[in-house]
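These notes concern the structure reproduced below.
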2 protein chains.
Amino acid sequence: MDQHRDYESELREAGVRLTKPRKIILKILGESQDHPDAMAIFRRAVKIDASISLATVYRTMKLLEGLGAVHRHSFEGGPARFEHADGEHHDHLIDLDTGRVIEFHSETLERLQEQIADELGYDIEHHRLELYGRKRRQR
Amino acid sequence: MDQHRDYESELREAGVRLTKPRKIILKILGESQDHPDAMAIFRRAVKIDASISLATVYRTMKLLEGLGAVHRHSFEGGPARFEHADGEHHDHLIDLDTGRVIEFHSETLERLQEQIADELGYDIEHHRLELYGRKRRQR
DNA sequence: AATGAAAATGCAAATCGTTTGCAACAAGTG
DNA sequence: CACTTGTTGCAAACGATTTGCATTTTCATT
């Protein structure tokens with residue numbers, strides 16, 4: 001789909017102001033390939049503008065989440081981590097040794113979930129699938 | 001498998017003392033068909049013994065989790081919820097309107113997950129699959 | 001049944017991640 | 001450039017959970 005959404009325009013259209021902290025956070029999210037938590041975003045932001053506060057990071061993440069611009073993930077034992085909502089839907093495999101997050105997608109799996117919910121008489125609003133594992137040593 | 005594990009014996013074998021609070025909590029867990037959180041367990045426990053403290057509930061849940069006697073689930077937005085580890089593995093469908101938790105199991109789904117992890121070069125330690133949905137109105 | 005060492009408890013204070021009230025401030029309109 | 005309103009930074013509040021510590025319990029031993 002849209003590989004490079006123009007979040008700044010989207011925000012403006014949504015009627016929210018394009019402030020300095022927001023621009024900086026948006027930039028950071030765009031450049032992040034990992035899944036940073038609020039504190040990590042805050043630390044990166046402070047390097048660009050020392051006056052940014054952690055509260056604003058949290059407020060901005062909530063705003064962006066509401067606008068569908070970022071996804072919030074609450075992996076086991078740890079603060080929420082974020083990723084910008086570019087790209088397509090995927091699930092996550094968390095490396096228990098490094099904390100690294102690997103994204104994957106399986107259409108079969110998606111359909112299977114829907115089928116299961118359907119059999120239980122439910123419509124899925126959203127779902128959460130996380131695999132926690134360790135790199136297989138050797139081949 | 002084991003439909004009625006004798007947790008009291010297991011605890012003793014594990015070298016932990018069978019105290020009054022622990023017996024009460026174990027009893028509550030055994031009788032709970034829902035997935036109570038620490039506060040709910042605490043409230044039920046207080047009815048049996050008014051001197052129990054919330055801290056002990058938390059400590060006991062951590063202990064039981066470590067012994068594999070209970071599973072801890074951190075569903076979206078809310079405190080951790082627990083269930084005793086009887087029965088077989090299953091995943092959860094959370095009713096967004098009522099908060100009710102419905103358990104389900106799919107061997108196909110389990111195998112699919114393993115296959116995906118395998119392709120990524122990982123061994124799954126455990127996983128978390130939660131479907132969030134609403135009851136389909138009508139047939 | 002009485003003894004004692006070790007473990008477990010209750011309480012309150014501390015912690016972590018996150019949210020909020022409020023006065024000062026900045027964005028976008030005209 | 002001024003005004004209106006949204007947004008910020010700060011610090012205090014928050015909910016869930018954990019912890020330090022003095023006091024109680026458990027349970028193996030007498």
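Sequence lines set the chain letters: A, B, ... in the order given, protein chains first and strands last, and positions in each chain run from 1.
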Between C1' of D/dT5 and CG of A/Leu18, the distance in whole Å:
16 Å

Which of parallel (below 30°), tilted (30 to 60°) and perpendicular (above 60°) describes A/Tyr132 and B/His126?
parallel

Within less than 4.0 Å of OP1 or OP2 of C/dG10, is there a side-chain N or O belonging to B/Thr56?
yes

Rounded to whole Å, how long is the line connecting atom CZ of A/Phe75 with atom P of C/dG17?
16 Å

Determine whether a donor-acceptor pair (N or O, by modelled atom type, separation under 3.5 Å) exists between the side chain of B/Thr98 and the backbone of B/Arg100.
yes

Nearest whole Å is fine: how far is C/dT20 P from A/Leu54 CG?
14 Å

Between C/dG10, D/dT8, D/dA11, spot the one nearest the side chain of A/Ala55, thanks.
D/dA11

Between B/Pro79 and B/Val16, which has a closest nucleotide on DNA chain D that is more 5'?
B/Pro79

Between D/dA11 atom P and A/Tyr58 atom OH, what is the distance in whole Å?
17 Å

Expressed as a whole number of angstroms, how long is the span from A/Lys20:NZ to D/dG9:P?
10 Å

Between D/dT8 atom P and A/Phe42 atom CZ, what is the distance in whole Å?
14 Å

What about B/Arg17: does its side chain form a donor-acceptor pair under 3.5 Å with the base of C/dA6?
yes

Quick one: does A/His105's side chain have a donor or acceptor within less than 3.5 Å of a partner on A/Glu103's backbone?
no

Rounded to whole Å, CD1 of B/Ile25 lies from P of C/dA8 at a distance of 13 Å

Could you state the CE-P distance from A/Met61 to D/dT8, rounded to the nearest angstrom?
13 Å

For the side chain of A/Thr56 and the backbone of A/Ile52, is there at least one donor-acceptor N/O pair under 3.5 Å apart?
no

Nearest-nucleotide pick for B/Thr19, side chain only, options being C/dT18, C/dT9, C/dA7:
C/dT9

Considering only heavy side-chain atoms of A/Arg12, the closest of C/dT9, C/dG28, D/dT18 is C/dG28

Distance test, side-chain N/O of A/Lys62 to OP1/OP2 of C/dT19, below 4.0 Å:
yes

With a 3.5 Å cut-off and heavy atoms only, can you find an N or O donor on one side and an acceptor on the other between the side chain of A/Arg59 and the base of D/dG9?
yes

With a cut-off of less than 4.0 Å, is there a side-chain N or O of A/Ser51 near OP1 or OP2 of D/dT8?
no

Verify the ring-centre separation between B/His127 and B/His89: is it less than 6.0 angstrom?
yes

According to a strict under-4.0 Å criterion, is B/Arg22 in side-chain N/O contact with OP1 or OP2 of D/dT25?
no

